[in-house]
Visitor: 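After the structure tokens below, expect a handful of questions from me.
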Amino acid sequence: MFTLKGIPASDGIAIASAYKIGKEIFDISKKSITEEQIPLEIQLFEEALTQTRREIIGLQERISKEMGRETAEIFDAHLLVLEDRMLIEEVILRLKQERLNVAYIFSEVLKKYINIFSKIEDEYLKERIADINDVGRRILRKLTGKEYASLDNLKERVVVVAHDLSPSDTASMHKKNVAALLTDVGGRTSHTAIMAKSLEIPAVVGLKDATSKIEDQDLLIVDGTEGLVIVNPDEETLEIYRQKEKKLLRLTERFMLTKDLPSLTLDGIRVKVLANIELPEEIESAKQHGAEGIGLYRTEFFYMNRKDLPSEEEHYQAYRYVSEMMAPYEVVIRTLDLGGDKFISQVQIPQEMYPFLGWRAIRFCLTRPDIFKIQLRAILKASAHGNLRLMYPMISSIEEFRQANSILEECKEELKKEGFAFNENIKVGAMIELPSAALTSDLLAEEADFFSIGTNDLIQYSLAVDRANENVAYLYEPAHPAVLRMIKNVIEAGHSMGIEVGMCGEMAGELKFVPLLLGLGLDEFSVPAVMIPQIKYIIRTLNKKEMELFAKQALSLATAKEVEQLCDEKLKEIMGR
Ligand code: PEP
Ligand code: MG
């Protein structure tokens, strides 16, 4: 038994044997053809192109029905490759000049293209290599008459283990036969991750050497939530995970029944449950899980994996898309939260001794209005198309909030002059993630339209615990009385000025804290999409008035351990109902 750790890409637990899929090898020999054979070879090529086109459109239609139009759009790039005149003409020209079989010529041209693209230092173009490869393989199968052992005819439920999976590999799988997906490469926003999430198949990506360490038929436990793979587990471990899997299944079934119901407490109090997203693609899953809006759109991911900074138009298109998709629900766009643990290659931030205390988030944006304004203008423009709000990260004082707002006002003036429509009264919130903001939330509440508590940073800063350092992880306690007092303070300050207070840090998605946060008066929970049904379920079983008493009890305790224990017991009681 051994364990592999990768990047968690899609939640859930699966236990099944490994099914490795290797690279498809084409044995294409070079054959001379006669003058008369040329038209026949060209015809063969054209037929292969048409058949491939039909195949992809068919696949696209199926995916669109099963996983939504968004996911199916991945194949648009494949269809474009099929229409690439340069590629097609080069094949035909070389075929005539060199008088060689079309399969050979095509594979040579394909190699040349892939070679050119792989030399370009651009993440986007690198992604295109996968598309060219994928389509190229389909065409070669037609040209060589080779049958492909595709994933749609798997006989038993397996964990698919691959170096990488192409979108069409993933799409041709049937959920019933694929227990989980593991890949050596890929990040949390790779095609595999996106598709696995929409198929709700547990997945771990970025495992580096899963394909060399795992053998066909090895028994695997995949924990997609933790990013863990246990290879050939002993009986004891197996039993633990079997129980976990069963419990998870039972719970998921129960939760999904409530996902589209309004999140009302038993005494009729409305508490919104929204989704956190990092990319527009995640909207689909947010909606599927019953999100009543987006409470945190972390826009810094938009700046990653690219050479240049996104243009105003690109920002605008993304924000417009998200707000239109979620309308009439609200979408809260968080302005660029760079620095700390999030870096981009286009902007050089000097190495700092304490990056989390350094030039990050709103501090960065206030000193780089050139970059900040591009984003603000785009948010404003998109606000004409939906229910958009914006919020600033890392606010430490009312001065910073005012400075950011004065740049926003500048942008409004500019857009007015340029004749663009936008929502003049767009709601502007402050993230409360610094103790200084939490302790002056009464002052901030006078000027902010809403608050969103960012517990990930609030805990790190108030307890002086690096959120990413495993050596001090035991001190990272959401239930610490200092944290709870701050949360209480922020909610009360917000309510006394009549503004909504939400929470978008991970604490909002921890089931055991839901009763406590509800009792403290939280108006909005913004959580990873998959958590929404469960949070709604819990809210619907609780009485707000009773939870206020529960929160009082929790706040009277002296240690985080005691609070956690109390919250754990409460959760058990709710789930046992
Ligand atoms: C937070 O700090 O709680 C938060 C939601 O923001 P991030 O995790 O992106 O810093
Ligand atoms: Mg934060």
Side-chain angles (χ1 to χ4, degrees), residues 8 188-189 272-279 282 286 291 293-304 330-344 349 354-365 375 389-397 400-401 404 429-438 441 444 448 450-469 473 476-480 482-484 486-487 490-491 494 500-510 513-514 517 520 522-529 531-532 535:
R188 52 194 305 282
T189 59
K272 280 189 257 177
V273 186
L274 308 100
N276 290 348
I277 62 162
E278 280 148 17
L279 291 168
E282 290 170 77
I294 303 298
L296 168 69
Y297 176 5
R298 288 182 162 103
T299 54
E300 44 286 352
F301 288 87
F302 197 44
Y303 293 75
M304 292 178 182
E330 73 195 46
V331 172
V332 183
I333 301 189
R334 175 178 70 189
T335 59
L336 182 57
D337 185 10
L338 203 62
D341 57 348
K342 306 180 192 94
F343 296 98
I344 57 176
I349 295 198
Y354 304 107
F356 274 114
L357 304 182
W359 193 36
R360 65 169 289 210
I362 198 70
R363 304 168 180 185
F364 170 83
C365 287
Q375 186 176 35
R389 299 179 171 199
L390 71 89
M391 67 180 178
Y392 307 124
M394 283 281 292
I395 290 290
S396 71
S397 67
E400 256 174 352
F401 188 74
M431 274 194 81
I432 306 293
E433 47 184 350
L434 262 56
S436 58
S441 48
L444 281 161
F450 64 94
F451 284 157
S452 185
I453 307 175
T455 47
N456 304 345
D457 279 315
L458 186 63
I459 297 167
Q460 124 162 310
Y461 291 126
S462 45
L463 305 182
V465 184
D466 179 347
R467 64 193 251 190
N469 183 335
Y476 189 91
E477 294 175 312
H480 192 293
V483 177
L484 299 185
M486 273 193 242
I487 294 173
V490 175
I491 297 175
E500 284 179 343
V501 182
M503 181 180 285
C504 59
E506 297 307 305
M507 185 180 181
E510 279 195 53
F513 294 130
V514 176
L517 294 171
L520 287 173
L522 198 70
D523 304 301
E524 290 188 4
F525 289 73
S526 193
V527 300
M531 300 306 295
I532 294 174
I535 309 262

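Start at 1 and go down the list; that is how both ligands and their atoms are numbered. Because only heavy atoms are used, hydrogens play no part in the values below, and waters and symmetry mates are left out as well, while side chains stay in.
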Visitor: Which distance, rounded to the nearest 0.5 Å, do you find between the CD of E500 and the CD1 of I491?
Guide: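 E500 CD to I491 CD1: 12.5 Å, rounded to 0.5 Å.
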
Visitor: Taking the side chain from E400 and the backbone from I395, do they hold a donor-acceptor pair closer than 3.5 Å?
Guide: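 No, the answer is negative, given that no donor and acceptor are paired below the 3.5 Å cut-off.
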
Visitor: After noting the C-alpha distance and the side-chain angles of V465 and I459, does the key distance pass the side-chain contact (heavy atoms from CB on, under 4.5 Å) rule?
Guide: CA-CA 7 Å; V465 184; I459 297 167; 5.9 Å; no

Visitor: Examine the proximity of ligand 1 to N276 and report which part, side chain or backbone, both or neither, has a heavy atom under 4.0 Å away.
Guide: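 Answer for N276: neither.
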
Visitor: With backbone taken as N, CA, C and O and side chain as the heavy atoms from C-beta onward, which portion of L296 lies under 4.0 Å from ligand 1: side chain, backbone, both, or neither?
Guide: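 Side chain only.
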
Visitor: Could you check whether any side-chain N or O of T299 sits under 3.5 Å from a backbone N or O of R334, counting only pairs where one atom can act as donor and the other as acceptor?
Guide: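 Yes; judged by distance alone, with no hydrogens or angles, the pair exists.
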
Visitor: Within this structure, what is the CG-CG distance for the pair L484 and L517, rounded to the nearest 0.5 Å?
Guide: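 Taking CG in L484 and CG in L517, the distance rounds to 8.5 Å.
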
Visitor: Below 3.5 angstrom, do we get any N/O pair linking R360 and ligand 1?
Guide: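 For ligand 1, there is no N or O atom that lies under 3.5 Å from one belonging to R360.
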
Visitor: Side chain or backbone, does D457 bring an N or O within less than 3.5 Å of an N or O on ligand 1?
Guide: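 Min N/O separation from ligand 1 is below 3.5 Å for D457.
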
Visitor: Can you tell me if R334 has a non-hydrogen atom under 4.0 Å from ligand 1?
Guide: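 It does, in that a heavy atom of R334 comes within the 4.0 Å cut-off of ligand 1.
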
Visitor: Counting each atom of ligand 1 from 1 as listed, which ones have a heavy atom of C504 under 4.0 Å away?
Guide: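 This gives 5 (C) as the contact atoms.
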
Visitor: Is the Mg ion (ligand 2) less than 2.8 Å from an N/O/S atom of D457, whether that atom is in the backbone or a side chain?
Guide: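 It does: D457 brings an N, O or S atom closer than 2.8 Å to the Mg ion (ligand 2).
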
Visitor: Which of the N/O/S atoms in E433 sits closest to the Mg ion (ligand 2)?
Guide: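 In E433, the N, O or S atom with the shortest distance to the Mg ion (ligand 2) is OE1.
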
Visitor: Would you indicate whether the side-chain heavy atoms of F513 and M503 approach each other to under 4.5 Å?
Guide: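 No, their side chains stay 4.5 Å or more apart.
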
Visitor: Which atoms of ligand 1 sit under 4.0 Å from any heavy atom of R298?
Guide: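 Those of ligand 1 that fall under 4.0 Å from R298 are 4 (C), 5 (C), 6 (O), 7 (P), 8 (O), 9 (O).
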
Visitor: Does E506 reach ligand 1 with a nitrogen or oxygen that is under 3.5 Å from one of the ligand's nitrogen or oxygen atoms?
Guide: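 E506 vs ligand 1: no N/O contact under 3.5 Å.
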
Visitor: Would a distance-only check, ignoring hydrogens and angles, find a side-chain to backbone donor-acceptor pair under 3.5 Å from E300 to L336?
Guide: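 Pair absent, no side-chain N/O of E300 close to backbone of L336.
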
Visitor: Salt bridge (charged side-chain N to carboxylate O under 4.0 Å, His left out), that's the test. Do R360 and D337 meet it? Break it down for me.
Guide: CA-CA 7 Å; R360 65 169 289 210; D337 185 10; 3.0 Å; yes

Visitor: Can you tell me if M431 has a non-hydrogen atom under 4.0 Å from ligand 1?
Guide: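 True for this residue.
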
Visitor: Nearest heavy atom to atom 3 (O) of ligand 1 wins, so pick from L434, I459, N456.
Guide: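 Closest candidate by heavy-atom distance is N456.
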
